[in-house]
Amino acid sequence: SFLYEDTPDQRTATIEVKRDMESERPMDRLICGDVGYGKTEIAIRAAFKAVQDGRQVAVLAPTTILAEQHRKSFEERLADYPVRVASLSRFRTAGEIREVIERIETGDIDIVVGTHRMLSDDVQFKDLGLLIVDEEQRFGVKHKERLKQLRATIDVLTLSATPIPRTLYLSLSRIRDLTVIRTPPRDRMPIVTHVLPWSDGLVSEAIHRELDRGGQVFFLHNRVQTIQTAAERIRSLVPEVRIEIAHGQMTPGELDRAMTAFVDGEVDVLVASAIIENGLDVPNANTLIVDHADRFGLSQLYQIRGRVGRSDRRAYCYLITPDHVTEDARKRLRVLEHYTELGSGYAVALRDLELRGAGNLLGADQSGFAHVVGIDAYLRLLEKTVERMQRAEGGQADHPEPEISLAGSAFLPEAYIPDGGQKLHLYRRLSRIRRHEEVEQMREEMADRFGTLPAEVERLLDAATLRLLGQRLGIERILVRGRTARINFRPEVVPRLQALQGPLADHQVSLEIRRMEPLSIGLEQVGAEALTRTLIDVLSALADDPSVAIGASA
């Protein structure tokens with residue numbers, strides 16, 4: 001019954017969400033997509049599926065305006081079906097809220113849409129099956145701790161255009177599932193974004209240009225104490241326009257009247273606080289002026305910019321800043337100015353992760369100084385742990401990486417690769433390699449790009465190969481000194497020594513086994529580099545030989 005044709009990404013998201021809901025494991029999926037890209041439609045389908053199976057659905061939104069918009073969307077979309085939708089927000093009277101809470105507890109309501117009020121202890125669901133969280137980055141730490149308690153037993157679907165670093169990082173690390181909706185709606189155009197100092201002429205011209213084509217303007221001033229002064233300043237610049245004010249400290253009735261007048265086209269310029277950040281859909285408003293844009297966060301600015309450009313008209317965003325801003329603010333604004341293409345929310349969130357750090361994944365911090373540990377090293381450790389847990393779940397054995405000690409240094413010398421950025425990139429690639437063949441490909445690529453490999457680089461690549469082979473064979477430690485290589489197998493690993501004899505004999509390597517000591521392989525009158533290459537050949541032959549049974553049961 002969807003009125004529009006699904007985009008390819010919407011179809012994929014629908015399939016993935018339904019598959020997650022049918023799984024034995026509780027769903028924890030993040031859907032990342034720009035404003036107007038169809039995330040709510042996916043949420044409605046998931047809610048409908050949960051209700052058909054007799055479960056209740058909670059839809060959590062950060063603002064009253066967005067909650068009311070979601071309530072209308074759910075009611076309109078599900079009007080032809082026996083689904084009961086209600087809302088819990090500031091727009092409801094105390095009596096109405098009491099009645100809704102009672103009906104939630106008795107199971108008389110299928111879908112409840114609400115703000116933070118829904119997380120209160122007095123709201124008890126009869127049989128909650130699905131929690132949909134829209135714009136998770138707008139919720140505080142306490143609210144998220146409450147959400148965590150629910151997450152263990154129910155399906156959770158999170159919607160966001162620009163998730164906070166921690167949320168995005170959990171998804172990139174495969175701790176949470178991620179679906180990205182990149183396909184824009186038909187006829188949608190990118191928003192032209194400018195970062196400029198305040199100018200009366202500029203503001204006046206921007207407002208006149210929008211009004212001349214029959215449009216409306218958002219003017220965002222995020223200080224309630226001075227918002228009246230800001231409105232008077234706009235009135236003095238363009239006295240003929242109709243101006244209305246909207247902010248969170250207004251009564252629900254006043255706020256509703258102001259918003260409705262703007263949506264209905266009775267107001268030309270809406271001077272508002274950041275309350276317009278989420279949920280307000282006014283296709284006729286296609287110019288946005290943000291006063292003191294340097295005071296906003298990156299994802300917040302991206303969300304605010306999403307209030308315009310929701311039709312087939314070209315939209316304009318003016319980020320007004322003082323002459324002197326901090327370096328962090330300058331970086332944020334530069335990102336916004338750079339990422340103006342459709343569907344840039346995911347790229348903006350990745351830059352936010354890079355600028356702010358991933359935060360404490362198990363604690364309350366939503367961003368943090370990841371560079372103190374080293375974001376790349378941390379990512380690698382986390383990735384390995386997740387892989388190990390997934391393999392264990394699937395019944396596959398997995399061994400930690402062995403300790404490798406070779407004679408001589410192993411690194412990328414300055415004389416071979418002078419560019420620090422290139423070196424860092426190559427180190428990262430090497431640390432993420434998972435197959436022996438990839439090391440050899442990298443060896444050929446470096447020789448082609450930078451010339452003959454020095455001994456230090458050869459040792460670095462050999463160590464990477466030994467690390468991969470050792471992990472596969474259950475080796476704990478490999479030590480190469482002089483003409484002797486020593487291999488320690490892990491206590492739980494029992495190598496079939498009979499199978500070891502073949503590859504070793506082929507390479508004319510003597511095998512010496514000492515009681516209660518690690519396996520020791522010796523070579524005579526050959527340098528350490530040759531021994532390392534021989535050791536790689538021997539271990540490769542062992543790893544490729546199906547007759548070599550290595551494991552606790554061998």
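Atoms considered below: every heavy atom in the structure, side chains included; atoms not considered: hydrogens, waters and symmetry mates.
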Look at the side chain of [X] and the backbone N and O of [Y], then say whether any donor-acceptor pair between them is shorter than 3.5 Å.
| X | Y | value |
| --- | --- | --- |
| Thr12 | Pro8 | yes |
| Thr7 | Gln10 | yes |
| Ser236 | Arg233 | yes |
| Glu210 | Ala285 | no |
| Asp110 | Ala47 | no |
| Asp155 | Met27 | yes |
| Glu244 | Leu270 | no |
| Asn286 | Val308 | no |
| Gln124 | Asp121 | yes |
| Arg313 | Asn284 | no |

Should [X] and [Y] count as side-chain neighbours, where that means a heavy-atom distance under 4.5 Å?
| X | Y | result |
| --- | --- | --- |
| Leu220 | Phe296 | yes |
| Ile132 | Leu159 | yes |
| Trp198 | Leu196 | no |
| Gln216 | Arg242 | no |
| Ile42 | Val17 | yes |
| Leu78 | Ile111 | yes |
| Val269 | Arg235 | no |
| Val217 | Asp268 | no |

* Are any of the side-chain nitrogens in Glu254 or Arg257 under 4.0 Å away from the carboxylate oxygens of its partner? -> no
* **Test: Arg45 and Glu41 ion pair at under 4.0 Å** => yes
Atom pair [atom1] ([X]) and [atom2] ([Y]), whose distance is rounded to the nearest 0.5 Å:
| X | Y | atom1 | atom2 | result |
| --- | --- | --- | --- | --- |
| Ile417 | His425 | CD1 | NE2 | 10.5 Å |
| Cys32 | Asp9 | SG | CG | 11.0 Å |
| Thr321 | Asp294 | OG1 | CG | 6.0 Å |
| Ile289 | Ile207 | CD1 | CD1 | 4.5 Å |
| Ile234 | Asp200 | CD1 | CG | 8.5 Å |
| Ile104 | Arg84 | CD1 | CZ | 12.0 Å |

* After noting the C-alpha distance and the side-chain angles of Arg92 and Val100, does the key distance pass the side chain to side chain contact (heavy atoms under 4.5 Å, CB included) rule? -> CA-CA 10 Å; Arg92 297 283 165 267; Val100 169; 5.8 Å; no
* In terms of ring plane angle, is the pair Phe74 and His70 parallel, tilted or perpendicular, where the classes change at 30° and 60°? -> perpendicular
* Asked: In terms of the angle between their ring planes, are Phe218 and Phe262 parallel, tilted or perpendicular, with boundaries placed at 30° and 60°?
  -> tilted
* side chain to side chain contact (heavy atoms under 4.5 Å, CB included) between Gln56 and Val112, intermediate numbers included -> CA-CA 8 Å; Gln56 288 175 299; Val112 57; over 6 Å; no
* **Glu75: which of Lys72, Arg77, Arg71 passes side-chain hydrogen bond (donor to acceptor under 3.5 Å, both in side chains)** => Arg71
* Asked: Side-chain donor-acceptor pair under 3.5 Å between Arg117 and Ser120, yes or no?
  -> yes
* Hey, are Glu240 and His208 close enough side-chain-wise for a donor-acceptor pair under 3.5 Å? -> yes
* May I have the step-by-step check of side chain to side chain contact (heavy atoms under 4.5 Å, CB included) for Glu414 and Lys423, ending in yes or no? => CA-CA 9 Å; Glu414 190 80 23; Lys423 281 202 287 191; 3.0 Å; yes
